Asker: 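Got a structure for you, questions after.
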Number of protein chains: 2
Amino acid sequence: MKKNATMANNPLPAIKDAAALVASYPKMPLTVDCVIFGFEENELKVLLIKSDLAVYNGQLSLLGDIVKNEEELDAAAYRILKERTGMNDVFLDQVRTFSNPLRHPGGRVITVAYCSLLNVRHHELKIHDNDLNWHKVSTLKTMAFDHKEIIDVCYKWLQKRIQEHPLGFNLLPEKFSLRELQNLYEAILDIRLDRRNFRKKFASMDLLIDIDEMEQDVPHRPGKLYKFNFEKYEKNKKKWIGIDF
Amino acid sequence: MKKNATMANNPLPAIKDAAALVASYPKMPLTVDCVIFGFEENELKVLLIKSDLAVYNGQLSLLGDIVKNEEELDAAAYRILKERTGMNDVFLDQVRTFSNPLRHPGGRVITVAYCSLLNVRHHELKIHDNDLNWHKVSTLKTMAFDHKEIIDVCYKWLQKRIQEHPLGFNLLPEKFSLRELQNLYEAILDIRLDRRNFRKKFASMDLLIDIDEMEQDVPHRPGKLYKFNFEKYEKNKKKWIGIDF
DNA sequence: GCAAAAGTGTTGTCCTTACACCCATGC
DNA sequence: GCATGGGTGTAAGGACAACACTTTTGC
């Protein structure tokens, strides 16, 4: 095989020094922002801090940080989650990358949005730097950077995703009642669902384990508690085929 | 409102110089790679070039380029598509960002994958730099960089997406027969479909316009030709609700 | 007339929807 | 005993899957 394809024979010369090529590329700062959803009091919430930046004057902001030099994006997202909440056994998904040159007041910063769901109760916020706290998604006002837009995109992603994957269970306690489950879906999808049909639906999926316990301390007839059967779900994951638009 | 929250009162000081903050961030080269699918001879194809890099010795590579300093990612993707194929009236979607520090032999390069579908016939390849050409997706071997992985991810994205959105029509001529449409779905989803049920399905959607023309030059009974009714589709876009996993 | 694909209906099954009453508990 | 939500069944309609024969054209 010819080692030296020449410029004369090829439309473009083979590039031998890949490092020099990369060195010639423009470089930009890259961050990860985590949209961490929780569910509490029948409301979808999101974990936010107050922005450090003076220009934003204490407006709310997502949990974000730079991506380190040799760090993968996924790793950066897990690191941020861990640093901010202490959790590390959590699901995280990359949603989209945002690149508006004006999205950061300090100059161009590209950011990759990750989405995560976690159970508010499992996670008693111990760190309160920058007023880390849960905020209702439905009443968010303007936020620092383009973070409102990022949350909107992630919220739509969640609405779609939760219908096709059992994500919701990450937002609930390990043991939950069907009422709680339905409240969750109603809140996230922003619709009302028929209670009987909802229960029938989940009964027919056969993915809930009846653990033979009842709710405690409710001011009405207590409901049965269930766990989600993740094992069975993983085994029978369906390949969904159905043209529909 | 206090303008000077001090370090003494706040867990973290407000940062006044956003530009200095950003300047302190690590910076990385950022590229866009376009996965451009086409359909020809009942096969899904993808537009590839031969890599410029000597280390890859002519292996196949996606169409990619750096993101310019003040350029949006979407704009970069459209620019690449335009530069390489001459097309600019095309749909493009961001799929995912890839960040493995070893994905580029010249050092760390982050890349954002975009996916596009275009009609092979509308686009007679005039530019043949670096052997720009269509390649069957089903028989791709190893490729330069992590481009095989990127294509795999985009292919899965396409399989899902085409079931929920009328993307497929971007791959077909403006006028197409039901047979062609079915072949397209069968090829992309890699399944067989019942012809009668397939036709019934599309008939019931009522999104195909019967243009009262027939196929020409086929060695068998010619089929009717249709156009897709994009206008009607846009008007009636459904909000799909249905928990299913 | 033969090869190749177009075109077309029915049936059973399953899933979804709509809808109303009694039950268990806390107060 | 009353308020609150828990728990349950059925009937109708719609979507999907399975399935075979006749028609049209090129050669």
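Below, chains carry the letters A, B, ... as their sequence lines are ordered, and counting in each starts from 1. From a predicted model like this one, the values you see are computed outputs, not experimental measurements.
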Asker: Can the ring centres of B/F228 and B/F176 be said to be less than 6.0 Å apart?
Answerer: no
Asker: Starting at atom CZ of A/R179, determine the distance to atom P of C/dC23, rounded to an integer number of angstrom.
Answerer: 21 Å
Asker: Which residues within residues 187-206 of chain A lie with some heavy atom under 4.0 Å of an atom in DNA chain C?
Answerer: A/D194, A/R196, A/N197, A/K200, A/K201
Asker: Quick check: closest heavy atoms across A/L178 and A/F198, and the distance to 0.1 Å?
Answerer: O-CE2, 3.9 Å
Asker: B/L73 and A/S99: which non-hydrogen atoms are nearest, and at how many Å?
Answerer: N-OG, 2.9 Å
Asker: Working note: B/R84 + B/D65, criterion salt bridge (Lys or Arg N to Asp or Glu O under 4.0 Å); need CA distance, chi angles, decisive distance, verdict.
Answerer: CA-CA 11 Å; B/R84 296 296 194 158; B/D65 196 4; over 6 Å; no
Asker: Using every non-hydrogen atom in the two residues, find where A/A144 and A/S51 come nearest and quote the distance to one decimal.
Answerer: CB-CB, 3.9 Å
Asker: In residues 215-223 of chain A, which ones come under 4.0 Å of DNA chain C, going by heavy atoms?
Answerer: A/V218, A/P219, A/H220, A/R221, A/P222
Asker: Chain B on DNA chain D: first and last contacting nucleotide, 5' to 3', under 4.0 Å to a heavy atom?
Answerer: D/dC16 to D/dG26
Asker: A/D152 vs A/K148, test: salt bridge (Lys or Arg N to Asp or Glu O under 4.0 Å). Steps then yes/no.
Answerer: CA-CA 6 Å; A/D152 289 344; A/K148 182 64 165 65; 3.2 Å; yes
Asker: Report the relative orientation of the aromatic rings in A/Y155 and A/F37; use parallel for angles under 30°, tilted for 30 to 60°, perpendicular for over 60°.
Answerer: tilted
Asker: Hey, mind stepping through A/I80 and A/Y114 against side-chain contact (heavy atoms from CB on, under 4.5 Å) and telling me if it holds?
Answerer: CA-CA 10 Å; A/I80 292 166; A/Y114 275 76; over 6 Å; no
Asker: Can you check the B/E180 CD to C/dA5 P distance for me, whole Å?
Answerer: 13 Å
Asker: Nearest 0.5 angstrom please: A/L158 CG to A/H165 NE2, how far?
Answerer: 11.5 Å
Asker: Should A/F169 and A/Y233 count as side-chain neighbours, where that means a heavy-atom distance under 4.5 Å?
Answerer: no
